Number of protein chains: 2
Amino acid sequence: MKEPNSPDSPLAELCRQRGLKLTGQRRTIAFVLSDSDDHPDVEELYRRAVEVDPRISIATVYRTVRLFEENGILQRRDFGGGRARYEVADGDHGDHYHLIDADSGKVIEFENTELDSLLAGIVRQMGYDLVTTRLSVVGRPKAKSGQRE
Amino acid sequence: MKEPNSPDSPLAELCRQRGLKLTGQRRTIAFVLSDSDDHPDVEELYRRAVEVDPRISIATVYRTVRLFEENGILQRRDFGGGRARYEVADGDHGDHYHLIDADSGKVIEFENTELDSLLAGIVRQMGYDLVTTRLSVVGRPKAKSGQRE
DNA sequence: GTACGTGCAAAAGTTTTGCCTCGCC
DNA sequence: GGCGAGGCAAAACTTTTGCACGTAC
């Protein structure tokens with residue numbers, strides 16, 4: 001399903017850099033993740049992976065996201081709804097944050113350097129070095145005339 | 001187990017204000033929650049509730065925290081670990097935030113008005129009214145000489 | 001060749017639900 | 001007294017795991 005000499009996805013490269021064994025399944029999952037700019041849960045990831053390579057089991061997807069998370073490649077998120085969702089981890093600085101539309105549930109990403117430094121400052125003052133930030137604000141679209149639920 | 005004329009806990013009062021039927025079990029759970037300043041999961045809540053009134057089932061605890069959450073009395077939190085955890089909801093302003101100690105897993109609450117207004121401003125600029133903020137920063141205690149992993 | 005990864009299916013863990021009884025308003 | 005709440009146990013769901021086999025290095 002993939003050309004033997006198609007270049008590996010960025011995440012697959014990252015895997016290799018971390019010294020993880022690069023199996024076909026991991027390559028596929030890494031590709032699917034590199035290709036996603038949303039926040040899929042495991043079920044959804046599995047669905048996308050199977051389209052690339054049908055010989056993947058959901059157990060492998062679970063095992064792989066866990067492995068990737070432990071290696072700092074992925075970050076697990078909880079947006080409610082009972083299932084863990086995943087996204088590619090940010091670099092060391094410039095974390096991004098999530099705004100969740102209270103009406104539609106849609107997740108909107110944003111960045112803000114002022115927020116970055118304020119948070120870093122607060123944490124430092126409390127005697128800690130910042131490792132990760134998990135921030136999601138839930139918001140309701142500002143009322144405009146004629147708008148409805 | 002409780003005096004018939006012992007005053008209701010603040011949360012039980014809140015229940016009544018919201019027009020929720022105030023049963024013995026709900027009163028107990030409200031009491032336990034009012035009495036807690038940490039972030040118990042359902043299992044832990046159940047444990048505490050049973051000590052106050054042994055004729056409570058865990059299904060009721062699940063049903064009650066869900067009801068309380070839907071009514072803005074409780075907020076569900078995810079600090080990792082697979083179980084939802086709960087805390088009493090903040091008022092309309094002055095949300096509080098969580099710093100999680102990366103080494104011990106301990107949850108430390110903090111408030112910061114600068115953060116409050118920065119967030120409100122960001123969200124407003126994106127065209128939303130802020131409903132809730134879920135912020136937890138993971139931090140590692142600042143390295144001091146002689147400190148070790 | 002060996003150690004580790006994977007598929008399958010069963011297990012484990014958390015949360016929800018059906019049904020009947022009980023209790024609050 | 002009626003309608004919703006609760007107990008109990010089963011069901012539903014998500015995630016993990018044991019085992020036998022396959023594969024990357």
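This one's a predicted model, so the numbers in the text were calculated from it and none came from an experiment. Residue numbering restarts at 1 for every chain, and letters A, B, ... go by the order of the sequence lines.
- Atom CG in B/L45 sits about 15 Å away from atom C1' in C/dT15, given to the nearest Å.
- In this structure, CZ of B/R27 is placed 14 Å from P of D/dA5, rounded to the nearest angstrom.
- Within 4.0 Å (heavy atoms only), A/L22 reaches sugar-phosphate atoms of the nucleic acid but no base atom.
- Side-chain N/O atoms of B/Y128 and A/D101 include a donor and acceptor closer than 3.5 Å.
- Taking atom CG of residue B/D78 and atom C1' of nucleotide C/dT15, one finds them 15 Å apart after rounding to whole Å.
- Between the CZ atom of A/R83 and the P atom of C/dT16 there is a distance of 14 Å, rounded to whole Å.
- We find that CG of B/D41 is positioned 12 Å from C1' of C/dG13, with the value rounded to whole Å.
- Of the side-chain N and O atoms in B/Y62, one or more sit less than 4.0 angstrom from OP1 or OP2 of C/dT15.
- Environment of CD in A/E114: sparse, with no more than 12 heavy atoms of neighbouring residues, nucleotides or ligands closer than 6.0 Å.
- Of the candidate nucleotides D/dT15, D/dG6, D/dC8, D/dG6 has the atom lying nearest to any side-chain atom of B/T64.
- Between C/dC8, C/dT16, C/dG5, one nucleotide has an atom nearer to the side chain of A/T23 than all others, and that is C/dG5.
- Partner of B/H39 under the side chain to side chain donor-acceptor pair (under 3.5 Å) criterion, out of B/R85, B/E87, B/E44: B/E87 alone.
- For C/dT16, the OP1/OP2 oxygens have a side-chain nitrogen or oxygen of B/R66 closer than 4.0 Å.
- Spacing between atom CD1 of A/I29 and atom P of C/dG7 amounts to 8 Å, rounded to whole angstrom units.
- Positionally, the nearest nucleotide of DNA chain C for B/A84 lies more toward the 5' end than for the other of B/R55 and B/A84.
- Residue B/R63 places a side-chain atom within donor-acceptor reach of the base of D/dG7, judged by atom type and a 3.5 Å distance cut-off alone.
- Of the candidates D/dG7, C/dC4, C/dC25, the closest approach to any side-chain atom of A/K21 belongs to C/dC4.
- Side-chain nitrogen and oxygen atoms of B/Q25 include none within less than 4.0 Å of the OP1 or OP2 phosphate oxygen of C/dC24.
- Checking side-chain atoms of B/D35 against main-chain N and O of B/F31 turns up no donor-acceptor pair under 3.5 Å.
- Enclosure of atom CD in A/E70 by more than 12 non-hydrogen atoms of other residues, nucleotides or ligands within 6.0 angstrom is indicated.
- Nucleotide D/dG6 holds its P atom 14 Å from the CD1 atom of B/I58, rounded to whole Å.
- Rounded to an integer number of Å, the gap from OH of B/Y46 to C1' of D/dC8 is 11 Å.
- Between A/R26 and the phosphate of C/dG5, there is a side-chain N or O to OP1/OP2 separation shorter than 4.0 Å.
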